[in-house]
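In this text, all values refer to a predicted model and were calculated from it rather than measured experimentally. The residues of the chain are indexed from 1 along the displayed sequence.
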Amino acid sequence: MTPGAVLLEAQHVTQRFRLPNGQNLEALRDVSLAVREHEVVALVGPSGCGKSTLLRLFAGLARPVDGKVLYRGQSLDGVLGAAAMVFQTFALLPWLTVAENVTMGLEARGVDGAARRDAVARAINLVGLDGFEQAYPKELSGGMKQRVGFARALAVAPEILLMDEPFGMLDPLTTENLRSQVVNLWRDPATGVNTLVVVTHSVEEAVFLAGRVVVFGSNPGHVREEMVNPLPYPRQERSPEFEEMVDRLHAILTATLLPEPAPATPQRLVPFPRVHVSEVTGLLDHLLTRPDGKGPVFELAEDLGVDYDRMSAVVRAAEQLGWVTTPGEIVQLTAAGREVMAMDDAARKDVTRARLAKQPLFARLVGMLKEGDGAVEDEEVLADLTIYFPFIPAESLFAIVVEWGRYAELLDHDADAGRLTLLGWEGAAEARVE
């Protein structure tokens with residue numbers, strides 16, 4: 001189908017949220033995106049880049065703090081009645097049958113009597129759940145539960161189907177089957193579904209479903225690039241043309257998630273990626289098993305069973321410590337990375353401590369601690385993190401700093417006293433017990 005007139009549009013949308021600590025988090029900044037009739041659009045990008053936030057703005061479940069959302073050229077005020085949403089979690093009420101769960105959206109819209117019964121029967125038939133009308137969710141497999149979610153959305157005959165990682169909790173075989181069914185539902189005029197907008201972490205899923213893939217950057221969320229996918233439907237995932245499109249999207253996402261470092265002064269403060277010590281050592285350990293100690297970042301993510309954005313964060317942490325390099329899409333183990341993995345625990349901690357001390361954020365904290373005679377209150381550190389990294393929740397960054405600092409025996413933290421201390425600093429022990 002050829003995309004038609006603009007159906008949904010975000011115009012210079014900015015969205016902020018107030019976190020429990022009172023800090024404002026800017027999820028989206030100045031995002032403009034148009035979705036046309038008869039189109040499938042996939043939103044991809046790192047976690048926390050505002051993809052799901054934009055989906056909820058399109059649904060009218062939230063309003064932007066700046067900019068506006070339009071439906072067919074008119075400002076959207078309230079929930080968009082022409083849309084239905086499918087979530088990653090099944091969101092079924094366990095005490096209701098399949099038919100009763102599917103009925104919920106119709107009840108909310110005031111559909112009753114024969115019209116409601118006909119709509120429920122039609123939706124259940126469309127997703128292939130005939131015969132399960134009186135079954136309860138506990139009797140269904142994960143794939144069947146998600147079919148109920150699709151049936152509930154289709155029962156209201158939506159013009160627009162919004163999907164937030166709808167296959168994220170399903171096994172690969174079920175996912176592959178449901179993806180194909182979603183395309184068939186979209187292409188079938190009987191469903192009434194005109195347009196699909198899907199948030200996904202899967203590159204293959206985006207290429208399989210979408211005619212246009214929108215890549216988001218983060219901190220704050222923004223549209224970084226768009227990729228048109230001209231492959232005809234139905235798509236063959238193992239065809240050379242499909243693989244070529246996957247590789248193109250990989251390249252775009254790699255540039256987004258693992259950008260080439262820009263020239264900077266040594267004083268430039270950069271955050272340490274919010275990943276655990278075990279994740280970085282796990283990556284290095286895996287690279288040791290690969291030929292020449294290297295591999296494409298997306299292949300590594302698949303091998304280790306993590307999302308590509310999480311893998312990219314792990315790679316960035318290892319790169320900041322000098323244990324890998326990232327030429328293009330390839331993650332390459334360095335000589336220092338091989339050496340640190342060959343060490344015993346004590347030597348590995350010593351090396352990590354020395355490398356952390358040179359990482360800009362840790363170097364700044366060490367300086368603060370020395371100025372404070374080896375100890376600094378949590379509030380002072382959190383305020384500093386908020387100033388320098390306003391788009392990163394300060395508590396989560398602080399928790400990672402504490403984890404790595406403790407592992408390397410560089411820092412210690414007293415949660416009761418709310419104080420960070422520098423290990424090995426003369427006077428630090430006295431500061432901890434004041």
Side-chain angles (χ1 to χ4, degrees), residues 40 42-43 51-52 55-56 58-61 79-202 205 208-210 234:
V40 181
L43 312 181
K51 306 182 298 294
S52 295
L55 206 67
R56 282 158 176 74
F58 275 152
L61 300 176
V79 176
L80 179 58
M85 202 156 183
V86 179
F87 300 93
Q88 177 178 359
T89 55
F90 307 127
L92 305 181
L93 297 181
W95 58 87
L96 298 183
T97 65
V98 166
E100 290 167 339
N101 269 287
V102 173
T103 300
M104 290 173 61
L106 294 164
E107 289 179 350
R109 300 186 184 211
V111 180
D112 207 351
R116 182 197 294 182
R117 290 192 296 273
D118 290 345
V120 170
R122 171 179 164 276
I124 288 176
N125 176 261
L126 282 171
V127 300
L129 283 177
D130 301 85
F132 289 88
E133 290 86 350
Q134 301 308 310
Y136 286 90
K138 66 180 181 181
E139 303 175 81
L140 306 178
S141 67
M144 294 175 75
K145 290 176 184 176
Q146 193 61 304
R147 288 172 194 263
V148 178
F150 276 105
R152 183 173 52 201
L154 292 170
V156 300
E159 183 179 25
I160 306 160
L161 193 57
L162 306 171
M163 301 182 290
D164 193 357
E165 300 212 44
F167 315 113
M169 297 184 67
L170 303 177
D171 62 87
L173 288 176
T174 303
T175 294
E176 186 172 345
N177 179 260
L178 274 180
R179 281 178 192 162
S180 298
Q181 286 207 325
V182 166
V183 172
N184 292 337
L185 290 170
W186 170 65
R187 299 179 72 199
D188 183 357
T191 66
V193 176
N194 181 305
T195 296
L196 304 179
V197 183
V198 57
V199 168
T200 179
H201 271 93
S202 168
E205 186 169 287
F208 185 83
L209 293 173

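Arg56 is listed as a side-chain neighbour of Met85, based on a closest heavy-atom distance under 4.5 Å. Residues Glu165 and Ser52 fail the side-chain proximity criterion, which asks for heavy atoms closer than 4.5 Å. Residues Val198 and Pro166 have side chains in contact (heavy-atom distance under 4.5 Å, counting atoms from C-beta outward). Annotation: side chain of Asp164 is not in contact with side chain of Val86 (no heavy-atom distance under 4.5 Å). At least one side-chain heavy atom of Asn101 sits less than 4.5 Å from a side-chain heavy atom of Pro137. Counting heavy atoms from C-beta outward, Lys51 and His201 have side chains that approach closer than 4.5 Å.
Counting all heavy atoms, side chain and backbone alike, Ala123 lies closest to Ala151 at CB-O, 3.3 Å. Nearest heavy atom pair, residue Met144 against residue Leu140, reads CE-CD2, 3.7 Å. Pro189 approaches Arg187 most closely through the heavy-atom pair CD-O, 3.3 Å. Closest approach of Ala153 to Ala84, counting heavy atoms only: O-CB, 3.6 Å. Here the shortest heavy-atom pairing between Trp95 and Tyr136 reads O-CE2, 3.4 Å.
Between atom CZ of residue Phe58 and atom CG of residue Leu162 there is a gap of 8.5 Å, rounded to the nearest 0.5 Å. Note that the NZ atom of Lys145 and the CD atom of Glu139 stand 10.5 Å from one another [nearest 0.5 Å]. Rounding to the nearest 0.5 angstrom, the gap separating the CE atom in Met163 from the CG atom in Leu43 is 10.5 Å. How far CG of Leu196 is from CG of Leu161: 5.5 Å, rounded to the nearest 0.5 Å. The OG atom of Ser202 sits 8.5 Å away from atom CG of Leu209, with the distance rounded to the nearest 0.5 Å. Separating the CZ atom in Phe208 from the OG1 atom in Thr200 is a distance of 12.5 Å, to the nearest 0.5 Å.
Remark: the backbone N or O of Glu159 is not paired with any side-chain donor or acceptor of Asn194 at under 3.5 angstrom. In this structure, the side chain of Gln181 does not engage the main chain of Arg179 through any donor-acceptor pair within 3.5 Å. Between the side chain of Asn184 and the main chain of Ser180, a donor-acceptor pair closer than 3.5 Å is present.
When each of Leu154, Leu185, Asp188 is paired with Val193, the side-chain contact (heavy atoms from CB on, under 4.5 Å) condition holds for Leu154 and for no other. With respect to Phe150, the side-chain contact (heavy atoms from CB on, under 4.5 Å) criterion is satisfied by exactly one of Arg147, Arg152, Gln146: Gln146.
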